[in-house]
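Quick notes on the structure that follows.
Computed from heavy atoms alone, side chains included, the values below leave out hydrogens, waters and symmetry copies. Lettering follows sequence order; numbering is per chain, from 1.
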Amino acid sequence: MSEPRSPITDPSREVTLPDGRVVSVAAGMSALEIAKQHELPRRGRAIAARFNGRAIDLHAALPEAGHLSLIYPEDPDALEILRHSTSHVMAQAVKELFPDTKIAQGPAIEDGFYYDFRRDEPFTDEDLEQIEQRMREIVERNLQIRRHEVAKAVAERMFEQEQEPYKLYFVREKSGPVASYYEQGGFRDFCRGPHVPSTGRLGAFKLLRTAGAYWLGSEQNEMLWRIYGTAFATEQELDAYLQQLEEARKRDHRRLGKELDLFSVQEVAGSGLVFWHPNGTIVRHEIESFLREELTRRGYVFVTTPHIARDQLFRVSGHYDYYRENMYTLRTADDEELVLKPMNCPGHVMIYDAGLRSYRDLPIRMAEYGTVYRYERSGTLAGLFRVRGFTQDDAHIFCRPDQIVEEIDGCLELVEAVFRRFGFEDFRFELSVRDPGNAEKYAGTDEEWNAAEAALVTALDRRHLTYQRYEGEAVFYGPKIDVKVVDAIGRPWQLSTVQFDFNLPRRFDIAFVDQDGQRKQPYMVHRAIYGSIERFFGILIEHFGGYFPVWLAPVQARVLPVSEKVSEYAESVLCRLQQAGLRAECDRSPDKVGAKIRNAELAKVPYMLVVGPREADSDAVSLRIHQQGDQGSVAVDAFIERARSATAERRLQP
RNA sequence: GCCAGAGUAGCUCAGUGGCAGAGCAGCUGAUUCGUAAUCAGCAGGUCGCGAGUUCGACCCUCGCCUCUGGCUCCA
């Protein structure tokens with residue numbers, strides 16, 4: 001019988017280097033030592049190593065044979081390490097400046113890092129500056145960051161002595177028999193790592209804001225103070241990120257919504273309820289008309305359902321039990337309870353069920369711009385992105401089992417066709433399927449789920465779409481595909497969703513009569529393209545930065561007379577534009593052209609038509625396009641043709 | 001809901017325990033002008049709402065409303 005291999009009996013191991021060399025190294029040698037010995041290129045710049053696919057410290061000894069490579073600051077997975085280490089430096093700075101502070105946790109997150117602290121006073125902006133300053137000093141000190149591994153009990157004693165109750169909690173809850181902690185200049189943090197080898201390797205960082213955060217994210221727990229920051233490999237990347245934040249701020253739909261007079265939210269009326277001004281309403285109508293045309297072309301039918309209904313409807317659907325906290329209810333004079341609809345699905349099922357359906361009637365693609373009201377907690381409301389009253393471009397497809405692939409395919413085709421028209425090119429598809437280990441929590445039979453999941457996959461494959469698959473992420477009533485769309489400044493937004501629903505057909509016991517005369521249950525697919533019109537409108541404002549394409553622009557053209565001497569001609573041009581169906585207006589102010597142009601540019605009007613005596617003599621306009629400038633003289637009819645086609649074809653460019 | 005910050009003219013924002021301020025927008029007048037701001041004058045306010053402290057509160061205290069950023073993405 002052979003002994004299990006141990007470092008003593010097996011003092012060396014084979015390691016494959018990035019250049020393909022296979023070398024034998026002594027047990028206990030660290031990644032950095034191996035890199036030095038075998039003269040790996042740029043080893044001085046490396047911040048960590050990757051061993052058998054896992055990121056490890058440069059000082060970590062290799063536990064077994066395998067593949068070793070170095071991680072450089074510019075590598076994609078370096079960012080997480082840089083940010084995590086920067087968060088430790090921030091915690092050290094806070095402990096140095098405010099020794100009574102207790103540290104909780106400080107991970108790297110999507111675009112930066114945070115650290116949660118407990119202390120009596122909140123952090124002020126001045127504190128933040130001071131902390132950042134101290135962090136730079138710690139970087140300057142270039143402290144060694146070292147990993148230590150100790151028995152769990154030792155770690156517990158250590159954090160107990162340091163009076164760090166949150167760290168103690170993590171050691172107790174999360175540590176195996178061996179706990180790892182990191183130490184730099186006397187600052188210790190229970191942490192998995194990996195980290196950069198010394199604080200001097202950090203530098204391009206900035207603290208961004210403070211926030212309250214519940215301990216472990218639970219409202220039952222005390223609130224800690226969180227500091228958010230971000231870090232990058234280089235100052236240039238940090239600057240670029242900060243500039244991107246600035247760009248996003250300039251495009252903020254709340255700001256542009258006010259500047260362009262698109263919508264408002266009124267304090268007296270209540271929060272989360274949107275008032276659409278004339279300009280915003282034009283854009284909204286155009287967005288809706290466009291999709292309505294696309295749906296009509298694809299065989300959808302339109303319905304309209306009531307905003308309120310007896311509680312009974314939502315008891316049958318199950319919403320009354322599962323969705324109650326979000327529902328508004330009303331009580332009538334004769335003590336009847338009515339519910340303000342939070343979803344359109346039950347209404348559509350009502351219409352489906354209003355008659356006997358034959359297999360020949362299917363599929364039925366039933367669409368509605370359905371306005372729903374949902375109570376959302378005040379703290380979650382945000383501009384148009386999260387509101388309490390909103391309109392869904394909702395549709396439900398009722399179909400036979402043999403039609404599901406075709407229907408899903410149709411939904412995916414529609415998604416791309418619609419968003420490409422707005423200039424979105426980058427889509428991310430996410431497939432959520434059930435957790436096979438937890439079958440009892442789902443509505444619907446195995447057979448139904450298998451067919452539905454297969455249909456989603458088949459449709460995705462047929463359209464050659466790449467997608468992420470999420471096991472166990474499906475909601476209880478059916479599998480789904482969510483679609484994220486990336487906007488002009490690279491931000492992904494979850495918009496469309498295509499979901500099977502095995503719950504409602506059963507609850508309402510809807511059916512169709514099949515070829516064989518049997519009553520059978522149809523498949524029901526819930527799908528939305530824009531999702532919420534309000535939210536999508538907000539996204540569009542930010543996507544275009546307020547510069548709507550001609551077909552969406554509230555005012556498409558503004559006539560700018562050079563002086564009152566040509567006001568008669570200006571009015572005649574305006575009249576012809578309006579007769580041609582264009583949304584146009586005339587600047588009748590006594591301003592000079594320069595001012596008129598400036599005002600039109602600020603109002604983001606796509607076409608500016610400067611008219612003076614020269615144009616009046618030649619039945620022309622001098623065309624200026626926003627953000628582009630003077631385009632020269634154009635005959636009025638030619639301009640009208642151009643503007644009409646840009647509108648009719650829904651072109652992105654004026 | 002909870003934490004922090006904020007709320008002053010239509011908009012963007014100064015300001016102080018003792019008469020409320022600017023720029024832009026608006027109105028009036030002059031200017032009639034060629035591709036991102038013509039000049040002058042006038043008007044504009046329950047300083048988010050409600051209490052309290054004070055001789056006196058926009059300012060200090062408390063409550064409420066609204067907005068903004070957040071509220072477990074490996075210890």
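In the set B:U72, B:U38, B:G34, B:G34 carries the atom at the smallest distance from any side-chain atom of A:Glu615. Nearest to the side chain of A:Glu80, among B:A36, B:C33, B:C74, sits B:C74. Residue A:Ala213 places its side chain closer to B:C71 than to any other of B:G34, B:U38, B:C71. Counting only heavy atoms from C-beta on, A:Val593 has its side chain closest to B:G34 among B:C71, B:U32, B:G34. Picking from B:U31, B:C74, B:A4 the nucleotide with the shortest atom distance to the side chain of A:Pro590 gives B:U31. The side chain of A:Lys592 approaches B:U38 more closely than any other nucleotide in the set B:G1, B:U38, B:C11.
Using atom C1' as the reference point in both B:C71 and B:A14, the two lie 34 Å apart (nearest Å). Separating the P atom of B:C49 from that of B:G69 is a span of 24 Å, rounded to the nearest Å. Between B:G45 and B:G21, the distance separating the two C1' atoms is 11 Å to the nearest Å. When the P atom is compared between B:C64 and B:C2, the two are found 8 Å apart, to the nearest whole Å. Comparing the same atom, C1', in B:C13 and in B:A75 gives a spacing of 45 Å after rounding to whole Å. Taking atom P on both nucleotides, B:C47 is separated from B:G10 by 12 Å, rounded to a whole Å. Going from the P atom of B:G15 to that of B:C55 covers 29 Å, rounded to whole Å.
Taking the charged nitrogens against the carboxylate oxygens, A:Arg119 and A:Asp127 do have a contact shorter than 4.0 Å, which makes a salt bridge. Between A:Glu164 and A:Lys95 there is a salt bridge, since a side-chain N of the basic residue sits under 4.0 Å from a carboxylate O of the acidic one. Salt bridge A:Glu585/A:Arg558: present, at least one basic N to carboxylate O contact under 4.0 Å. With salt bridges taken as basic N to acidic carboxylate O contacts below 4.0 Å, none links A:Lys250 and A:Glu246. Comment: A:Lys480 engages A:Asp482 in a salt bridge, judged by a side-chain N to carboxylate O separation of less than 4.0 angstrom.
Note: A:Phe263 and A:Phe537 have perpendicular aromatic rings, judged against thresholds of 30 and 60 degrees for the angle between ring planes.
In this structure, A:Arg147 forms no cation-pi arrangement with A:Tyr182, as its terminal cationic atom is not both closer than 6.0 Å to the ring centre and no more than 45° off the ring axis.
A distance-only check finds a donor-acceptor pair linking the side chain of A:Arg642 to the backbone of A:Pro654 [under 3.5 Å]. The closest donor-acceptor contact from the side chain of A:Asp630 to the backbone of A:Arg624 lies at 3.5 Å or more, if one exists at all.
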Stepwise side-chain hydrogen bond (donor to acceptor under 3.5 Å, both in side chains) test for A:Ser30 and A:His59: CA-CA 5 Å; A:Ser30 72; A:His59 290 96; over 6 Å; no
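For A:Arg377 and B:C2, the shortest distance from a side-chain N or O to OP1 or OP2 is not below 4.0 Å. Taking 4.0 angstrom as the limit, A:Lys258 places none of its side-chain polar atoms (N or O) nearer than this to OP1 or OP2 of B:G10. When the side-chain nitrogen and oxygen atoms of A:Lys596 are compared with OP1 and OP2 of B:A36, none of them lie within a distance under 4.0 Å. At B:U68, one or more side-chain N or O atoms of A:Arg254 fall inside 4.0 Å of OP1 or OP2 (strictly under the cut-off). In this structure, A:Arg226 does not reach the B:C3 phosphate: none of its side-chain N or O atoms is under 4.0 Å from OP1 or OP2.
Remark: A:Ala269 engages A:Gln266, A:Phe275 in a side-chain contact (heavy atoms from CB on, under 4.5 Å) (not counting sequence neighbours). In this structure A:Tyr241 satisfies the ring-ring contact (aromatic ring centres under 6.0 Å, His included) test together with A:Phe232, sequence neighbours excluded.
Here A:Phe170 does not lie in a stacked arrangement on the base of B:A75, lacking the combination of planes under 30° and ring centres under 5.5 Å apart.
Comparing A:Leu381 and A:Glu376 by the nucleotide of RNA chain B whose heavy atom lies nearest to each, the residue mapping closer to the 5' end is A:Glu376. Annotation: of the two residues near RNA chain B, A:Glu601 and A:Gly383, the 5′-most nearest-nucleotide partner is A:Glu601.
For CD of A:Glu149, the number of neighbouring non-hydrogen atoms (other residues, nucleotides, ligands) closer than 6.0 Å is greater than 12. Counting heavy atoms of neighbouring residues, nucleotides and ligands inside a 6.0 Å radius, atom CD of A:Gln627 exceeds 12 of them. More than 12 heavy atoms of other residues, nucleotides or ligands sit less than 6.0 Å from atom CG of A:Asp77.
Near RNA chain B, defined here as any heavy-atom distance below 4.0 Å, the residues from residues 99-133 of chain A are A:Gln105, A:Pro107, A:Ala108, A:Glu110, A:Tyr114, listed numerically. Scanning residues 171-188 of chain A for heavy-atom distances under 4.0 Å to RNA chain B yields A:Lys174, A:Ser180.
No hydrogens or angles considered: a donor-acceptor pair under 3.5 Å links the side chains of A:Arg226 and A:Tyr228.
Atom-to-atom, OH of A:Tyr169 to P of B:U72 comes out at 14 Å; the value is rounded to the nearest Å.
Among the duplex regions that RNA chain B forms, those built from at least three successive Watson-Crick or G-U pairs under 3.5 Å are B:1-7 with B:65-71, B:10-13 with B:21-24, B:26-30 with B:38-42, B:48-52 with B:60-64, ordered by first number.
Between the side chain of A:Tyr214 and the base of B:G1, at least one donor-acceptor pair of N or O atoms lies under 3.5 Å.
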Please enumerate all protein N or O atoms sitting under 3.5 Å from an N or O of nucleotides 60-66 of chain B, with distances to 0.1 Å.
{"unit_1": "B:C65", "atom_1": "O2'", "unit_2": "A:Glu267", "atom_2": "OE2", "d": "3.1"}
{"unit_1": "B:C65", "atom_1": "O2", "unit_2": "A:Glu267", "atom_2": "OE2", "d": "3.2"}

